[in-house]
Asker: 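Input: one structure, supplied below.
Atoms within each ligand, like the ligands themselves, are counted from 1 in listed order. Numbers here simply count residues along the sequence, with the first being 1.
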Amino acid sequence: MHETAIVGSLFEIIRAKVAEHKIQKVVRVKLKVGELTAVEPMTLTACFEVFAEGTVVEGAELLIEQVPLTGQCGDCSREFRIREFRFRCPECESTSVEIVGGKELYIEDMEVQKEQGGNPR
Ligand SMILES: [Zn+2]
């Protein structure tokens, strides 16, 4: 299950940020996950919750934004969605295709609370 390794490295980044900014609580974590990473969002969320337990991340909302696999033609430079791993330009049939989207795997945004007690209403 490669989700465990992924979440493990994401948590290293989160932990570093938490220490650096003296964060009391992480409210929301937004991830960008490309189609090519073959990450299963449900599995990722489950792993995330396991890692979050007993940390400042516990109870945080995990948002996963999936990025479709996108290619760009090297001949006519058209961008298109790659389906079923068919790396062929729909416009000119060229197989000179470069992947321009779908490899993403990173924390796009993290919403945190810095001080205990929160916002006065
Ligand atoms: Zn083309």
Side-chain angles (χ1 to χ4, degrees):
M1 213 167 65
H2 82 151
E3 279 83 357
T4 310
I6 291 167
V7 175
S9 54
L10 289 176
F11 262 78
E12 272 176 38
I13 297 165
I14 294 174
R15 264 196 290 268
K17 279 194 191 222
V18 164
E20 185 188 343
H21 301 287
K22 299 185 175 32
I23 292 162
Q24 304 279 353
K25 182 146 184 53
V26 176
V27 181
R28 190 175 291 139
V29 178
K30 198 171 163 193
L31 288 185
K32 229 169 170 124
V33 177
E35 193 180 346
L36 207 59
T37 60
V39 166
E40 174 56 53
M42 292 233 314
T43 314
L44 193 68
T45 305
C47 279
F48 183 85
E49 281 167 9
V50 170
F51 273 87
E53 219 176 282
T55 73
V56 293
V57 190
E58 190 169 354
E61 191 187 349
L62 182 67
L63 295 173
I64 299 172
E65 194 191 325
Q66 288 181 284
V67 184
L69 185 55
T70 311
Q72 186 174 31
C73 177
D75 291 321
C76 71
S77 63
R78 180 189 160 135
E79 272 191 36
F80 57 94
R81 171 86 199 266
I82 297 170
R83 289 177 200 279
E84 289 155 17
F85 297 97
R86 258 177 282 181
F87 293 88
R88 182 184 287 267
C89 176
E91 195 70 35
C92 69
E93 304 271 294
S94 168
T95 49
S96 157
V97 175
E98 197 193 340
I99 295 171
V100 292
K103 291 197 262 192
E104 298 80 357
L105 185 59
Y106 58 85
I107 298 167
E108 190 181 48
D109 196 23
M110 204 163 97
E111 203 177 303
V112 299
Q113 252 172 38
K114 275 194 186 169
E115 282 165 59
Q116 209 105 42
N119 315 309
R121 282 168 203 269

Asker: Run the side-chain hydrogen bond (donor to acceptor under 3.5 Å, both in side chains) test against Arg28 and tell me which residues pass, sequence neighbours left out.
Answerer: Glu61, Glu111

Asker: Just jot down the ring pair (Phe, Tyr, Trp, His ring centres under 6.0 Å) partners of Phe51, sequence neighbours excluded, or say none.
Answerer: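 Expected list: Phe11.
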
Asker: Measuring from Ile64:CD1 to Met42:CE, what's the distance to the nearest 0.5 Å?
Answerer: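 Going from the CD1 atom of Ile64 to the CE atom of Met42 covers 10.5 Å.
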
Asker: Counting only protein N/O/S, how many atoms fall short of 2.8 Å from the Zn ion (ligand 1)?
Answerer: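 N, O or S atoms of the protein closer than 2.8 Å: 4.
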
Asker: Flag the pair Val112 / His21 as yes when at least one side-chain heavy-atom distance between them is below 4.5 Å, and no otherwise.
Answerer: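 No - every pair of side-chain heavy atoms lies 4.5 Å or more apart.
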
Asker: Report yes if some heavy atom in the side chain of Val26 is under 4.5 Å from a heavy atom in the side chain of Lys17; otherwise report no.
Answerer: no

Asker: Going by atom type alone, with no hydrogens or angles, which donor-acceptor pairs under 3.5 Å involve a side-chain atom of residues 85-97 and a protein atom two or more places apart or on another chain?
Answerer:
from, atom 1, to, atom 2, distance (Å)
Arg86, NH2, Glu84, OE1, 2.5
Arg88, NH1, Glu93, O, 3.2
Glu91, OE1, Arg78, NH1, 2.2
Ser94, OG, Asp75, OD2, 2.5
Ser94, OG, Ser96, N, 3.0

